[in-house]
Colleague: 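Could you have a look at this structure, given as structure tokens, before my questions?
Here, residue 1 is the first one in the sequence, and each next residue gets the next number. The structure displayed is predicted, hence computed values, not measured ones.
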Amino acid sequence: MGSFFCQWGWAAENTKPDDGLGISALVQVALSLLLVIAAIAGLAWLVKKMQHFQPMSQSSMRVVASLALGPRDRVLLVQVGEQQVLLGASPGRINMLHVFSEPVIDASSIPAAGADFSSTLAKLLKQKSS
């Protein structure tokens with residue numbers, strides 16, 4: 001048994017400690033990091049490009065009016081091309097209620113939701129500053 005510990009002690013003395021921070025290890029880690037960053041950038045670019053391939057442009061379909069019936073249920077009037085469609089929307093389900101042959105509401109007279117919000121916000125800020 002003593003000879004076993006002596007041999008083990010001798011082997012430990014003859015091996016060089018490896019610090020693990022050699023130039024080749026640092027280069028390998030740096031290249032791996034650059035590869036991961038390039039993959040993330042490539043995927044972000046691909047996702048950004050794929051957003052342009054939508055089946056319908058946003059101008060051909062638009063929510064003209066919306067009415068909340070409850071906390072999670074709504075009735076929507078949607079302009080699709082030249083037709084207006086009345087939809088019932090609830091969690092997990094959308095039902096077509098009616099297709100109008102003539103437009104019920106003139107969609108061109110209704111401002112876009114973003115423009116309406118911005119004008120309302122501007123009015124409120126003017127009132128606060130006065």
Side-chain angles (χ1 to χ4, degrees):
M1 187 86 138
S3 66
F4 174 74
F5 287 118
C6 289
Q7 289 176 354
W8 181 71
W10 176 78
E13 290 174 4
N14 287 339
T15 58
K16 293 191 310 184
D18 186 21
D19 59 359
L21 296 175
I23 295 296
S24 64
L26 289 175
V27 169
Q28 186 178 8
V29 168
L31 288 177
S32 299
L33 183 61
L34 286 175
L35 181 65
V36 168
I37 291 172
I40 291 171
L43 287 174
W45 176 80
L46 184 64
V47 166
K48 189 175 182 180
K49 287 294 182 182
M50 293 302 287
Q51 289 177 348
H52 295 293
F53 295 111
Q54 294 178 353
M56 270 190 172
S57 67
Q58 291 181 354
S59 62
S60 63
M61 186 167 67
R62 175 178 156 182
V63 176
V64 177
S66 173
L67 175 66
L69 300 176
R72 299 171 65 184
D73 299 326
R74 309 184 79 65
V75 175
L76 304 166
L77 182 63
V78 178
Q79 179 83 30
V80 181
E82 296 299 318
Q83 287 187 327
Q84 289 185 348
V85 181
L86 189 64
L87 302 174
S90 59
R93 191 168 186 175
I94 298 176
N95 294 324
M96 183 176 62
L97 302 176
H98 188 70
V99 178
F100 294 100
S101 57
E102 296 178 4
V104 179
I105 299 174
D106 186 18
S108 61
S109 66
I110 299 173
D116 186 37
F117 176 74
S118 62
S119 63
T120 304
L121 182 62
K123 287 178 187 176
L124 288 173
L125 289 174
K126 284 183 182 178
Q127 288 176 357
K128 282 245 180 192
S129 64
S130 297

Colleague: Run the side-chain donor-acceptor check on residues 64-71: report pairs under 3.5 Å with partners two or more places apart or on a different chain.
Modeller:
| from | atom 1 | to | atom 2 | distance (Å) |
| --- | --- | --- | --- | --- |
| Ser66 | OG | Arg74 | NE | 3.1 |
| Ser66 | OG | Arg74 | NH2 | 3.0 |

Colleague: Does the side chain of Val63 reach to within under 4.5 Å of the side chain of Leu77, using non-hydrogen atoms?
Modeller: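 No, too far: nothing below the 4.5 Å cut-off.
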Colleague: With clusters defined by side-chain heavy atoms of hydrophobic residues (ILVMFWY) lying less than 4.5 Å apart, directly or transitively, does Val99 cluster with Ile94?
Modeller: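 Yes: a chain of side-chain contacts under 4.5 Å links Ile94 to Val99.
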Colleague: For residues Leu97 and Leu87, report the shortest heavy-atom separation together with the two atoms involved.
Modeller: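 Taking every non-hydrogen atom into account, CD1-C, 4.0 Å.
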Colleague: Quick check: are there more than 12 heavy atoms from other residues, nucleotides or ligands sitting under 6.0 Å from CD1 of Ile23?
Modeller: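 No - once you tally the heavy atoms of other residues, nucleotides and ligands closer than 6.0 Å, there are 12 at most.
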Colleague: Flag the pair Met96 / Val85 as yes when at least one side-chain heavy-atom distance between them is below 4.5 Å, and no otherwise.
Modeller: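 They are in side-chain contact.
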Colleague: In Å, rounded to the nearest 0.5 Å, how long is the span from CG of Leu86 to CG of Leu76?
Modeller: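 So the gap between those two atoms works out to 8.0 Å.
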Colleague: Please check if atom CG in Leu46 has more than 12 non-hydrogen atoms from other residues, nucleotides or ligands closer than 6.0 Å.
Modeller: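 Counting other residues, nucleotides and ligands, CG of Leu46 exceeds 12 neighbours.
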Colleague: Is there a path of hydrophobic side-chain contacts, each under 4.5 Å between heavy atoms of I/L/V/M/F/W/Y residues, joining Ile37 to Val29?
Modeller: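 Val29 does not cluster with Ile37.
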Colleague: Give a yes or no on whether the backbone of Val78 and the side-chain of Gln84 come within a donor-acceptor separation of less than 3.5 Å.
Modeller: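 Answer holds: no.
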Colleague: Listed by chain and number, what are the side-chain contact (heavy atoms from CB on, under 4.5 Å) partners of Arg72, not counting sequence neighbours?
Modeller: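 Arg72 satisfies side-chain contact (heavy atoms from CB on, under 4.5 Å) with Pro91 only.
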